[in-house]
There are 2 protein chains.
Amino acid sequence: MHHAMNLRELSHILGLSQTTVSRALNGYPEVSEATRIRVQTAAIAHNYRPNARAQGLATGRARAIAHVLPMSSGHEVLNPVFAEFIGGAGEVYARADYDMLLSIVPADQEITAYRTLAARRSVDGVMVHAPLVEDRRIALLSELGLPFVVHGRSGSDGPPYAWLDMNNRRAFARGTAHLLDLGHLRIALLNGLERMDFALRRKQGYLDALAARGIAADPALHDSAEMSEDYGFEAASRMLALPNPPTAFLTSSLIVAIGARRACQDRGLVLGRDISIVTHDDDLGYFRNGRDTPYFTALRSPMREHGRRAAEMLLAQIVDPGPAPRQQLLEAEFLTGQSCGPAPGP
Amino acid sequence: MHHAMNLRELSHILGLSQTTVSRALNGYPEVSEATRIRVQTAAIAHNYRPNARAQGLATGRARAIAHVLPMSSGHEVLNPVFAEFIGGAGEVYARADYDMLLSIVPADQEITAYRTLAARRSVDGVMVHAPLVEDRRIALLSELGLPFVVHGRSGSDGPPYAWLDMNNRRAFARGTAHLLDLGHLRIALLNGLERMDFALRRKQGYLDALAARGIAADPALHDSAEMSEDYGFEAASRMLALPNPPTAFLTSSLIVAIGARRACQDRGLVLGRDISIVTHDDDLGYFRNGRDTPYFTALRSPMREHGRRAAEMLLAQIVDPGPAPRQQLLEAEFLTGQSCGPAPGP
DNA sequence: ACAGAATTCCAAACCGCTTTGGAAAGCTTT
DNA sequence: AAAGCTTTCCAAAGCGGTTTGGAATTCTGT
């Protein structure tokens, strides 16, 4: 275990001042090319890297981004969707030499967590995950003057802010329309929690498509909960046991679809013949919708790519806070799989 | 947007020196209780929190832990198992007022990433994920003098280091024995990548149990790959198509088991009657093995809890580097589900 | 050969905190 | 009232970088 080399020591070794060494390493023009090379090779040879905290203190920039994940007493911490998004964002940060700070805080301390982040100057920016229909974080962060990007949106009013979202409403309208085109009339929606902004928009899309064909939505065919395999299984089982069961499901995630599939299979229903499923697909690395050809007919929206783009937006905003906040609305890709077929005859 | 309050300003407001204010806030005894209260209320009123980088620079401690996740060109970044572990660790860090630094780096730059972390003094400790059978990181971190805890183990030789692992070998021996007890003779193993230490140990456990009954392992009933749903599906499908197919599967994760289940169901086999599955279960929040009663017969090893414990080990080691590195070997819990039955007669 | 410009380097201030070594003030003792 | 303790506070020196304002040196042009 050797002590860490620091700037003073390195400059002593080189017989130069700290100023010159610092400038040589940071690419300032006031230093001759010869000394720059000499300094750089010495830095590598002695394994010198500037102390992150000293550098941060001097420059006033943390070169770090925070992702705050609320942890309710339940289990919804780092779900696979967050994980994939964070993976994408992390790639971008790594390339740009930014650190990622992951804060996992009890849900009721989330606001405090943001305030602390700002007051302590721990990070240069914040990524906001999973916005609610009404989300206080957006106003808070604007007030704190901390650059941020929201993955998703929240409501529709208020001053503009930077966000990146998929067009949930259109995607779910499209999925519903696809099932309607196949003749399905009893289409069930297994949605996420509808205090989440994205889930509400998805429901609106579903209702839009039904309304466009003059079909009344049946409340018995609509459920909303945290997305998990057994939620999909239980909700689908319950609906299939109705006197007038659905002939198709629209699910809000692949995991829910898998649960729904299990429910169908348990009742001996064959997917694509007796029953149809259209699902949203976040394109998770560890849970793919089929290897090469899609298994479920799906609306795909690649989370990893969302993470990359959102991170790039945030970094750009930090480097140049000037321009008005940007927005990106991405369309989901429609994938035809093997999980859909025409509505079975009566 | 207001500027951040700092110590100097706060001390001016209070008419005290920075020293006194700092000591009042950090609980030193040299300050009267009256001024301490006066200082504390003023700090809250003016929303003062010490600048993280200045504090770190002065104390020499970062109050941060790094988790480095290698990102190969494939997709194995933040898999759900990592995510769950990190969630558990993050809870502990938050309670202890530590930050979590998540570094996502290209796999070939992982060693550099650790060196940089050490040289820049970015963190006080490191968590090592997913150790390989031969893992260079352990020697490197020892050499760098950076406290670390390994989640898992690597090989068996070399100087001791801190780790937390489940008893993979015993767990898989037990799972195999359970199937043997049910009369199964053709038991397939769908393992993870066997350059990972945990996967090799699991294979050993499987072989142990077979050997204990004098049964030769059939290479056709053994596969190993990155754990995903479609790997489970494809490997199981392939094996079921053999002239002499397996009557039971032992899978290395719930996700693989779900894929295997799909393969069985596609061939019309009923789980627990025609075919049995025993799986390892990491007890992931978002992918539970049944809601209240287990669906799959499983060896459960709660990842979240692993994360908590490993984080506690690491923090303890940072606070007091004195004692010899600790190790924790946890036993998996055996859960009886509905996925197993006696071997079908010939 | 010399003034003036350009190049190359450095001493010192600063970022915001902690912590050391006293100093000043308040209380007992004798 | 002086001496000796506590109690309470402060000035100043780090921590390890970046950056400003000059100074010393070398390079031009005449």
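Bear in mind that the values here come from a model prediction, so they are computed numbers and not experimental data. We name chains A, B, ... by the order of the sequence lines, and we start the count at 1 in each one.
- Atom C1' of nucleotide D:dT6 and atom CD of B:Glu33 are separated by 17 Å, given to the nearest angstrom.
- Recorded end-axis angle for the helix from C:dA1-D:dT30 to C:dT30-D:dA1 stands at 50°, based on five pairs per end and rounded to 10 degrees.
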Can you give one letter per nucleotide of nucleotides 9-18 of chain C, 5' to 3': B if a protein heavy atom sits under 4.0 Å from the base, S if only from the sugar-phosphate, - if neither? BBBB--BBBB
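- For the residue pair B:Arg326 and B:Gln317, no side-chain donor N or O sits within less than 3.5 Å of a side-chain acceptor on the partner.
- Relative ring orientation between B:His129 and B:His151 is described as perpendicular, the plane-to-plane angle rising above 60° on a 0-90° scale split at 30° and 60°.
- Residues A:Thr20 and A:Leu14 form no side-chain contact, since every pair of their non-hydrogen atoms from C-beta on lies 4.5 Å or further apart.
- Residues A:Ile104 and B:Gly87 approach most closely at CD1-CA, 3.7 Å, considering heavy atoms.
- Look at CG on B:Leu14: it is 13 Å from C1' on D:dC9, rounded to the nearest Å.
- A donor atom on one side chain and an acceptor atom on the other are found under 3.5 Å apart for B:Arg120 and A:Gln55.
- Side chains of A:Gln328 and A:His306 form no contact here, defined as non-hydrogen atoms less than 4.5 Å apart.
- Taking each heavy atom of B:Tyr93 and B:Ala311 in turn, the nearest pair found is CE2-CB, 3.6 Å.
- A salt bridge links A:Glu33 with A:Arg36: the distance from a Lys NZ or Arg NE/NH1/NH2 to an Asp or Glu carboxylate oxygen falls below 4.0 Å.
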